[in-house]
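Bear in mind that the values here come from a model prediction, so they are computed numbers and not experimental data. Sequence positions, counted from 1, serve as the residue numbers for this chain.
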Amino acid sequence: KKINAVKKNCIITDSDALKIRSDYDKKVFINNSDIGKTMRNGKIMTYDRAFCIEYSKIYHVSNQYIYRIIKNVAKIV
């Protein structure tokens with residue numbers, strides 16, 4: 001009951017998802033100097049991942065969730 005009683009404030013609506021997808025399609029400027037550099041795991045930081053990290057801070061969700069929204073596989077509540 002406690003989990004159902006607490007409402008998450010990180011729910012993304014359909015309009016938010018459309019805005020995220022449109023910003024991604026427009027290739028909005030991301031102020032992240034790590035794009036193109038090697039991360040700690042040895043992979044190169046792509047625009048996709050930098051976009052997800054930036055927008056996850058804005059919408060207070062995980063960067064994986066933003067990535068699933070971009071790739072159109074996430075279920076929007």
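- No more than 12 heavy atoms of other residues, nucleotides or ligands shown are found within 6.0 angstrom of NZ on Lys26.
- Linking ILVMFWY residues whenever their side-chain heavy atoms come closer than 4.5 Å, directly or via other members, places Ile70 and Ile35 in the same cluster.
- Taking CZ of Arg40 as the start and CE of Met45 as the end, the distance is 10.5 Å to the nearest 0.5 Å.
- Side-chain contact between Tyr55 and Asn63: absent, with no pair of heavy atoms (C-beta onward) separated by less than 4.5 Å.
- Applying side chain to side chain contact (heavy atoms under 4.5 Å, CB included) to Cys52 and the options Ile66, Ile20, Ile69 leaves one that passes, Ile66.
- Residues Tyr24 and Tyr47 have side chains in contact (heavy-atom distance under 4.5 Å, counting atoms from C-beta outward).
- In this structure, Asp48 CG and Tyr67 OH are separated by 5.5 Å, a value rounded to the nearest 0.5 Å.
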Please lay out, stage by stage, how Arg21 and Asn72 fare under the test side-chain contact (heavy atoms from CB on, under 4.5 Å). CA-CA 9 Å; Arg21 286 187 193 120; Asn72 205 11; 3.0 Å; yes
Go through Thr46 and Phe51 one step at a time and tell me if the side-chain contact (heavy atoms from CB on, under 4.5 Å) criterion holds. CA-CA 9 Å; Thr46 61; Phe51 181 87; over 6 Å; no
The test is side-chain hydrogen bond (donor to acceptor under 3.5 Å, both in side chains); show your working for Ser22 and Asp25 and say whether it passes. CA-CA 5 Å; Ser22 67; Asp25 290 338; over 6 Å; no
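- Under 4.0 Å is where a charged nitrogen must lie from a carboxylate oxygen, and between Lys19 and Asp23 at least one such pair does.
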